[in-house]
Structures are given as C-alpha cells and as structure tokens.
Chemist: 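Dumping the structure here so I can ask a few things about it.
Residues take their numbers from the sequence shown, with the count starting at 1. Predicted model, so just to flag it, every value in this text is computed and none were measured. One-based numbering, in listed order, for ligands and for the atoms of each.
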Amino acid sequence: MNKHLKMDAPQKRVLDETAQGTLGRPLDRPEGPLKVSGRAAYSAEYQLPNMATGVLVRATITHGRMTSLNDEAVRGMPGILGVFTGERFLRNPAQGGAGKAPVQGASEVAYLGQPVALVVAETFEQARHAAQQLRPTFAGEPADTHPEHAAQVDRPDKKQLDQGDVDGAMQAAAASVDVVYTTPPHSSAPMEPHASVAEWQGDRLILRGSYQMLKYNKKELADAIGVAPENVRILSPYVGGGFGSKLGIAPEAVSAALAARELGRPVRVVMSRQQVFEGTMRRSETRQRLRLAVDADGVLTALEHDARVSNLPGESFSEPVQQATHFLYRGENRRHENEIARVHRTCAGSVRAPGEAVGMLALEAAMDELAEAAGIDPIELRKRNIPDTHPENGIPYSARSLAECLDEGARRFGWGQRDLRPGQRREGEWLIGIGVAAAARPNILSDSRARVTLREDATALVETDMTDIGTGTYSVLSQLAAEMLGLPVESVEVRLGDTDLPPAAGSGGSWGASSSGSSVFLACRGIRETLARRIGCGAEALTLQDGVATGGNRRETLRDLLAEGSIEVEGHIEPGETAKEVSQASYGAHFVEVAVSAVTGEVRVRRMLGVFAAGRILNEKTARSQCHGGMIWGIGSALTEEIAHDPRDGHIVNRDLAEYHIPVNMDVPDLDVTFLEERDDHASPIQSKGIGELGISGAGAAVINAIYNACGVRVRDYPATPDKIIAQLAE
Ligand code: MOS
C-alpha cells in the first residue's frame with residue numbers, strides 16, 4: 001500500500017490526539033550505545049577482504065593544468081597497485097541536490113590543494129609514502145586569489161532586487177545606518193573526515209561512504225563514473241557530522257570507485273584533516289553593505305542588503321546572504337545586490353545555514369546599530385518591524401513566534417537590567433555587556449519516502465535512505481512510528497542510510513526531520529487505517545497505546561489484530577502549494593552576556609540563552625542539541641573562526657583544527673535553550689519545522705552586540721579577535 005500526500009493545504013493535528021505520549025519527549029538516541037562503545041561502524045572502519053588503500057594527491061599550483069603525472073618512479077615502490085587520474089575524477093566536490101552534476105576533470109587545476117590523482121597500495125603507509133613522493137608536473141596560468149581583486153565578477157540577474165526608492169527613504173529617514181560588515185571563509189570541520197570504501201559486485205558498485213543526501217549522491221556518483229544509478233548502492237548508516245560538506249559527492253568517493261573497478265579489489269580512501277579543509281566545501285567570505293532607515297515611529301522604511309561573495313569560476317552556488325533579510329523585517333523600499341567574485345580558492349558551497357549564518361551576522365548587528373541611532377531598545381525595534389505580510393512578495397506568514405521568543409528571552413535573561421549606554425558595567429579588568437539578536441531560518445519540506453512495516457509480533461520496522469548525521473534521525477523516526485502505532489519506542493526498529501531503501505529527503509537545509517518524519521507519519525496513518533478496518537471502526541475512532549487497540553467498542557492487542565498478517569505501507573510526502581502560499585520559517589532570539597578584558601581585548605562569553613519556535617518539537621533532547629551546536633558555532637564565528645587564505649597563492653594556511661579555532665569547552669558557558677510551544681499547520685502534516693540550522697542563525701551577532709554594550713567597540717570585521725577590540729578600545 002502507498003500513502004501519498006502533497007502538501008497543498010494545512011493539515012489536521014493528528015499527533016495532538018494520539019495516545020502513546022512518546023513524541024516530543026527527550027528520549028536518548030537508540031543508536032547511542034553503539035556509538036559510544038565503538039560498535040557503530042563509520043565508513044573508514046569497514047574492513048573488507050583484499051581491500052587496498054588509496055591516498056589522494058593534490059595540485060601544487062593555484063590555476064592551470066597538470067601536464068604529466070610523472071608516476072614512473074612511484075609505480076615501482078613497494079606495495080603500489082596503481083596511480084590513477086583522469087577526466088572522470090572530480091575537480092570540485094558536488095554541491096548536492098537535484099540536477100547538479102559535479103565538475104570533473106582532474107587535470108584542470110582550479111585551486112591549490114585540489115585532488116588530481118589517487119595512489120593505491122596494499123597498505124595505507126605505502127600509499128601515503130608514494131603519494132608524498134609523487135611529483136606531477138603542472139603548467140600554471142594567472143590566478144585570482146582574492147575576491148576584492150578578482151578580474152571576473154558576476155552579477156546574476158535573478159539575485160538582484162530593487163523595490164521602491166531606497167535612496168529617497170534614506171534621505172527622509174528619522175534615523176539610519178549605512179555600514180559594511182565582512183565575514184571570513186568558514187570550514188564545516190565535521191568530526192569525521194570524508195571517507196569511502198568502494199567495492200564492485202559484478203557491475204554494481206557498493207560504496208560505504210559518509211554522505212548526507214543519498215538519493216542525490218547515488219545519481220552524482222553514477223554520473224561521475226559513467227554507470228546507471230541502479231548500479232550504485234551507497235551505505236551511510238552513521239555519519240560523523242557533515243554541516244553541508246557531505247551534501248554532494250566528493251573526490252574521495254569517485255576516485256575510490258574508479259580505482260576499485262580497475263583493480264578488481266575494494267579500495268578505501270580517507271581524507272586527511274588537511275584534505276577536508278582544502279578539498280571539500282568552504283563557506284564563502286562575504287562583504288555586506290547594510291543600509292537601514294526608520295521613520296519617527298521606528299518603522300523601517302528602507303532595507304538594503306548588498307553582498308559580494310566568491311566561488312570558483314563556473315560554480316553556480318553563491319552564498320545567499322539575504323535569505324532571512326527577504327522576510328524578517330518591514331521596509332517598503334528594498335534593494336539587494338549580489339556579486340560573485342571568481343577566485344581560485346577551495347570550492348564554496350553550503351555550510352550550516354548557508355545564507356543566515358553569515359547574512360544575519362551582518363543584518364542583526366546592523367539592527368543593533370540602528371536601534372542605537374534611533375534611540376529605541378533593540379528588542380522593541382525588532383518587534384515594531386515584524387511585517388504583516390511578506391515585504392517582497394506580499395504573501396502571509398504561517399506560524400511565527402518571533403515576538404514571543406524575544407519577549408520570553410528578555411524575561412528569562414534579565415534584559416530589563418541592561419544599560420542602553422555601552423561601557424557601564426565593570427568588574428576589575430572586565431567590562432560586562434549583554435546583547436540580543438533574532439534568529440530566523442526558512443522552512444523547507446522536501447520530497448521523502450519511507451516504508452513502515454507493522455510485524456506480527458507487534459514491532460515496527462521503519463526503512464528509508466534518510467541519513468542521521470548526528471542530528472537524531474533514528475530517535476525522531478522511532479518516536480513518530482511509536483506514537484502513531486501505539487508502541488513502546490523500543491519496539492520500533494529504524495533502518496537508515498541505504499539507497500536500496502525508499503528515497504528520502506536526506507539531511508540538509510534543516511528539512512530532514514520534518515520531511516522524513518512526514519513520510520513515516522503517512523505510512524503509519526495507512527497502517528492505522530488497516531488496523532481500524534480489522535477492529536471494525538473508522539480510523540478516526542481508533543486509539544493505539546502500548547500495543548493495545550481500542551475502537552468500535554472493542555479492545556484487542558495489536559498481536560491479535562496482526563494475526564491475519566503484518567501490514568506494510570510506504571509513505572510519501574511531497575511539497576505543494578503551502579510552500580508558495582505562505583512564508584514559512586522557524587524563529588528565535590539569542591541573548592548573550594560577555595566580559596571584555598579592558599587590558600587584552602579578550603572576550604569571554606558568560607551566559608547565552610536561545611529561545612526558539614520551530615513548530616512541533618519531535619524530540620526535546622536532540623532538538624536542544626542542534627541548538628547547542630548552532631549557538632556554539634555562533635560563538636566561534638563571532639570570536640575565532642576564520643579560514644586564512646595565503647594572498648599569494650590562495651592556499652589555506654590554517655588547515656587543521658589546531659589552527660582553525662572552533663570553540664572548545666572552556667569557550668562555551670552553560671547554554672540555556674528554551675522552546676516555545678508552536679504548531680505550523682502549513683509546514684507539514686506533523687506541524688514541525690526545521691531546527692537544525694536555526695541555532696546558528698543570528699547567534700554570532702548577539703555576541704558582537706554584547707561586546708558593543710560591554711565596551712563601546714563595534715567590530716564590523718568578523719571575527720572579533722582581541723587585536724581588533726584592543727585597537728578600538730585604545731582610541
Ligand atoms: Mo546543510 S549546509 O544544507 O547540510
């Protein structure tokens with residue numbers, strides 16, 4: 001049986017009427033014990049008989065061509081099985097998503113550190129040694145390594161907006177700001193490096209890899225190696241973080257697959273940490289200009305947000321910095337200009353909350369500046385500017401709890417005690433301040449399928465090619481099935497990460513839980529209909545709890561009802577009209593207290609609170625963890641995170657976790673996360689919205705705003721390292 005729903009209209013809140021009481025609870029991950037005891041095998045850990053190991057070799061020039069592999073000497077080294085390169089090798093990782101083929105052809109060099117070849121040997125040590133000895137020859141061409149000095153700058157038509165008269169509104173404003181913020185490139189830095197084990201079984205490739213969106217990855221990989229998609233199977237049951245860098249097939253998977261086919265043996269390729277930094281996706285640096293104007297009532301009359309970002313020549317992705325700006329605040333007169341500088345730097349792509357993560361660093365700090373210029377409390381300014389309808393296309397909003405998040409946060413955090421004037425609180429050398437920023441992230445529902453089987457023994461099996469990248473998919477799908485089928489959560493088994501299972505939305509863009517969850521919900525609704533028929537009542541009248549069904553004046557155990565056979569249903573959710581008719585987003589508010597050393601300019605985050613509303617919360621613990629992760633990244637992007645490209649050749653100087661500074665435990669205070677009760681009937685049949693990327697959105701701006709409140713220093717050049725603060729403090 002098949003249960004399909006196209007999301008063309010708001011849906012009834014079925015999950016508010018079920019009896020099990022499992023959904024939403026902060027349950028532990030069912031796979032947690034496997035992970036902490038080392039029994040959950042990640043890609044690099046698979047040991048296959050006769051497996052060989054490959055090590056990637058990278059370009060040592062910035063732009064040009066590889067003229068010769070120069071591999072004679074290396075081929076004679078002990079244990080070497082082959083040296084591979086070619087036009088099928090990936091030059092850039094795939095961006096991920098439908099219809100985007102990865103850029104191939106390893107001999108064309110587009111950035112320093114680009115994979116150009118694979119050395120395969122019996123052991124890792126032999127392969128690594130030979131890879132280090134390999135000296136391909138290159139012919140260099142002129143390169144552009146800095147976005148401000150790039151020869152080619154694109155201005156795609158569909159990324160520009162010009163509505164009303166921004167200049168006129170700026171001139172007539174009661175108060176305004178015109179400021180430029182810059183953000184550096186960021187690394188996704190997943191804990192698990194990219195790794196693939198490729199094995200051919202006849203004509204069919206089995207790839208154990210670490211990927212986020214398997215139904216797309218299967219097509220990308222098939223396309224890259226030149227086989228039909230049905231001849232590719234990808235297994236990614238456990239993924240140690242991705243943050244966007246595993247949305248699309250990367251060079252290690254393609255090279256492993258090609259070498260394994262040629263050698264007739266399984267081949268494993270694991271990227272080193274340096275290769276992950278240099279050869280997967282980075283987040284583009286940005287230069288953003290904000291022009292904001294308010295009238296005498298503090299209502300925005302102009303909102304302009306312009307950006308220059310960068311990417312490799314030919315890449316279509318450009319960091320969508322205005323993604324939240326489009327719908328978050330009022331302002332009749334609006335302009336967004338976008339430029340993409342073509343540079344020979346590591347490929348830019350999606351990194352957690354592409355758009356908001358850096359766009360809101362600028363927007364929400366500029367709003368803080370505007371609040372001061374207008375003499376209005378920053379929370380009040382934001383609340384006055386919540387639009388009635390979408391300011392750029394006029395559609396209404398679905399559930400939107402922004403004002404409630406700001407108010408609840410203000411109450412919990414003690415916002416009322418804040419002095420509007422900066423530099424008023426001092427404890428010894430430390431200047432103390434607090435800041436606020438809004439969070440917003442558009443909600444996306446994505447096509448997703450899952451098969452649910454209710455077996456004769458009253459246990460359920462959920463199967464989909466959905467991934468769990470650390471986000472909690474196993475937990476959430478178990479809870480949804482348990483809730484709908486009236487089972488203890490332990491009676492639900494979830495199988496993920498296998499492209500032979502029904503194709504899911506994958507993990508990306510914060511759509512994973514709602515999309516795959518909706519498919520499980522629909523499958524379970526189909527099962528409930530069959531159970532209702534068996535017990536003799538309408539589906540609406542059926543109650544399922546703890547393995548017992550009640551309906552039509554009968555009470556039966558599920559086991560008895562299942563005696564006539566197990567029930568299997570495939571659920572399929574498809575986005576529909578509600579995605580166009582209303583503006584859907586998750587919202588929140590960040591509150592931060594910092595201490596700034598008047599002596600060194602060092603910033604310590606002392607307290608941090610996030611209040612979020614994202615529709616129905618499916619598991620309070622995994623949702624909270626997502627928000628923790630995002631807020632921590634907010635601290636990192638405000639204070640320390642920055643890829644440094646050498647201006648001479650564009651190479652990444654700080655390409656490891658010692659030199660690329662993500663926050664560690666000592667940098668992060670006890671984070672407070674609160675969820676507001678919300679249902680979004682337009683978002684999905686389970687009324688949930690995306691939460692994965694909500695926590696990072698705006699978080700760093702709240703830190704920057706707190707720094708200003710603490711010491712009067714406004715850093716517009718992220719991150720706010722001590723040198724920048726002390727230089728301004730001295731003035
Ligand atoms: Mo996300 S950056 O869509 O994994």
Chemist: With sequence neighbours left out, write down each residue that passes salt bridge (charged side-chain N to carboxylate O under 4.0 Å, His left out) with D500, or none if nothing qualifies.
Modeler: R204, R233
Chemist: Show me a pair-per-line table, with atom names and distances to 0.1 Å, of protein N or O atoms that are under 3.5 Å from an N or O of ligand 1.
Modeler:
residue: ligand 1; atom: 3 (O); partner: G509; partner atom: N; Å: 2.6
residue: ligand 1; atom: 4 (O); partner: Q212; partner atom: NE2; Å: 2.8
residue: ligand 1; atom: 4 (O); partner: G244; partner atom: N; Å: 3.0

Chemist: Going by an N to O cut-off under 4.0 Å, is there a salt bridge joining R655 and E659?
Modeler: no
Chemist: Among residues at least two apart in sequence or on other chains, which ones pass ring-ring contact (aromatic ring centres under 6.0 Å, His included) with H146?
Modeler: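 For H146, the residues satisfying ring-ring contact (aromatic ring centres under 6.0 Å, His included) (neighbours in sequence not counted) are H149.
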Chemist: Is V668 close to V605 at the side-chain level, that is, under 4.5 Å between some pair of heavy atoms?
Modeler: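 No - every pair of side-chain heavy atoms lies 4.5 Å or more apart.
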Chemist: Using a strict 4.0 Å threshold on nitrogen-to-oxygen distance, state whether E339 and R308 make a salt bridge.
Modeler: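 Looking at R308 together with E339, the answer is yes, because their closest N to O distance falls below 4.0 Å.
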Chemist: Show me, pair by pair, the donor-acceptor contacts under 3.5 angstrom made by side chains of residues 501-509, not counting sequence neighbours?
Modeler:
residue: S507; atom: OG; partner: T467; partner atom: O; Å: 3.2
residue: S507; atom: OG; partner: T467; partner atom: OG1; Å: 2.8

